[in-house]
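Scroll down for the structure; my scribbles are underneath it.
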Amino acid sequence: MKILVANLGSTSLKYRLFDCSGKEEKLLTRGGFERVTDYAAAIDSCLSELKNGGFITSEKDLAAVGFKPIIARDITGCVRMDERVLQAMEAYREVAPAHNPPYINGVRIFSKKMPSTPMIGLFETSFYQWAPKAAVRYAVPKSWYDEGVRRWGFHGASHKFIAERSAELLGRSDVAERVRMLYVNNGATPIRKPDLRVVSCHLGGSSSLTAILNGVGMCNSMGMTPQAGLPQNNRVGELDAFAIPLMMRRQKLTVEQVEYALSKEGGLKALSGGFNDMRDIRKEAENGNEDAKLAIDVLVWQARHWLGAYFLQMNGLDGFVFTAGIAENNPWLRSRICANLDQLGIKLDEEKNASAPSGQEVEISAADSKVKIFVVPTNEELVIAREVKRFLENH
Ligand code: ADP
């Protein structure tokens, strides 16, 4: 069973092809295109690469194309990306303006090119379908809540990967298996009694922390939109809602100008004075740029803020996992986030941390740390392939 997982950006198409026939999924090949202006042509090139490489002889060899859509109105989970789902994504275009439009467009083109191949999406929100009501509710009128003004949570595929992998690393593959079954039996209730408590810290182009109780997402630091929570590369993160009407009046800003400022000029870019890549921010900070130092301080503060909140809500922690581009490649930042937490049983082995090779799975906690600390490279595409396979087997 070959499953193509396609990651659709506004000007990029990245893909991975998995063979999901056996118990362990196998990555057959991967590739991608940047600066895409003609999406149909990019999809053609992707299919040609698969054929020329001998991975498929025709499109018919693909059991499905899997996607990682962000959010749709009243729809979550792993679903067939039919017109009803695309309309529901259209209805939430404003919630994820950078993500929903390219996905809708890309899925439509894929469907047109391959009408008999199932198009299956695992929504980023689906990892949080069992989150407690108190964790998702904002204190707004019920009519706002009914419009979707609530915490949804994102990075679902990444945090789900960490949930399953951390359970295995902590010797609890029974929990990983339980999570898989929850997805099959949608509607089943997860176990609430603290059994395995993990915090997944995804720091990358966008960042979020998730509390994972018994393999299930309890809360994610992003909110109604992926613009909330930690400062993102150029998206604002946490902000008091009343700042918006204030600045609209003071600076006579339009809705579009506010959206632009908060989604394109905010986050680490705003704090550091124009840098949105951690490599540049760090270099600037080392050269004495105070704004860049502050950007790092805010990111560290916010990451610790959520870690602390989750530690308390789950009555402690068994595992703390760093993942994604920033967290996987910057030991000094991991060290800053874990500093002075020994009273909570969180203690880094500084040497192991500093010498951890980039891009590899490694434990970095001290021998006497109560909480096991890991770096685990995330694998969102694998999660999609697994769920698509499960979907095909059950439908
Ligand atoms: P995205 O969320 O877009 O997938 P990534 O998870 O790849 O992004 O994270 C991008 C971030 O990771 C950037 O801020 C970049 O500075 C940082 N990063 C990636 N590779 C490295 C590296 N080798 N050293 C330091 N930082 C890195």
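Order of appearance sets the numbers: ligands from 1, and atoms from 1 within every ligand.
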[atom] [closest protein heavy-atom partner, distance rounded to 0.1 Å]:
atom                    : value
atom 11 (C) of ligand 1 : Ile326 CG1, 3.5 Å
atom 16 (O) of ligand 1 : Asp277 OD1, 2.4 Å
atom 25 (C) of ligand 1 : Asn330 OD1, 3.4 Å
atom 2 (O) of ligand 1  : Gly205 N, 3.0 Å
atom 14 (O) of ligand 1 : Met278 N, 3.0 Å

Please evaluate residues Arg386 and Glu164 with respect to the criterion salt bridge (Lys or Arg N to Asp or Glu O under 4.0 Å), reporting the C-alpha separation (whole Å), side-chain torsions for both, the decisive distance (0.1 Å), and the verdict.
CA-CA 12 Å; Arg386 279 180 187 160; Glu164 291 188 19; 3.1 Å; yes

Ring-plane angle category for Tyr103 and Phe67, please: parallel below 30°, perpendicular beyond 60°, tilted otherwise.
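If you compare the ring of Tyr103 with that of Phe67, the planes turn out perpendicular.
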
Indicate the ring-plane relationship of Phe391 and His395, choosing parallel, tilted or perpendicular according to the 30° and 60° boundaries.
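The rings of Phe391 and His395 lie parallel, inter-plane angle below 30°.
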
Can you tell me how far the CD1 atom of Ile162 sits from the CG atom of Asn379, to the nearest 0.5 Å?
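Result: 9.5 Å between the selected atoms.
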
Taking NZ, NE, NH1 and NH2 as the nitrogens, is one of them in Glu168 or Arg165 under 4.0 Å from a carboxylate oxygen of the other?
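So Glu168 pairs with Arg165 through a salt bridge.
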
Could you tell me whether Glu290 and Lys293 have a side-chain N and a carboxylate O separated by less than 4.0 Å?
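Looking at Glu290 and Lys293, the cut-off is met.
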
Does an N or O from [X], backbone or side chain, lie closer than 3.5 Å to an N or O of ligand 1?
X      : answer
Gly325 : yes
Leu203 : no
Asn329 : yes

Compare all side-chain heavy atoms of Lys160 with those of Glu380 and state whether any distance is below 4.5 angstrom.
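The answer is no; the side chains never approach within 4.5 Å.
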
Look at ligand 1 and say whether Ser358 reaches it with a heavy atom at a distance under 4.0 Å.
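No, Ser358 has no heavy atom closer than 4.0 Å to ligand 1.
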
Considering only heavy atoms of Ser206, which atoms of ligand 1 have at least one such atom less than 4.0 Å away?
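Those atoms are 2 (O).
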
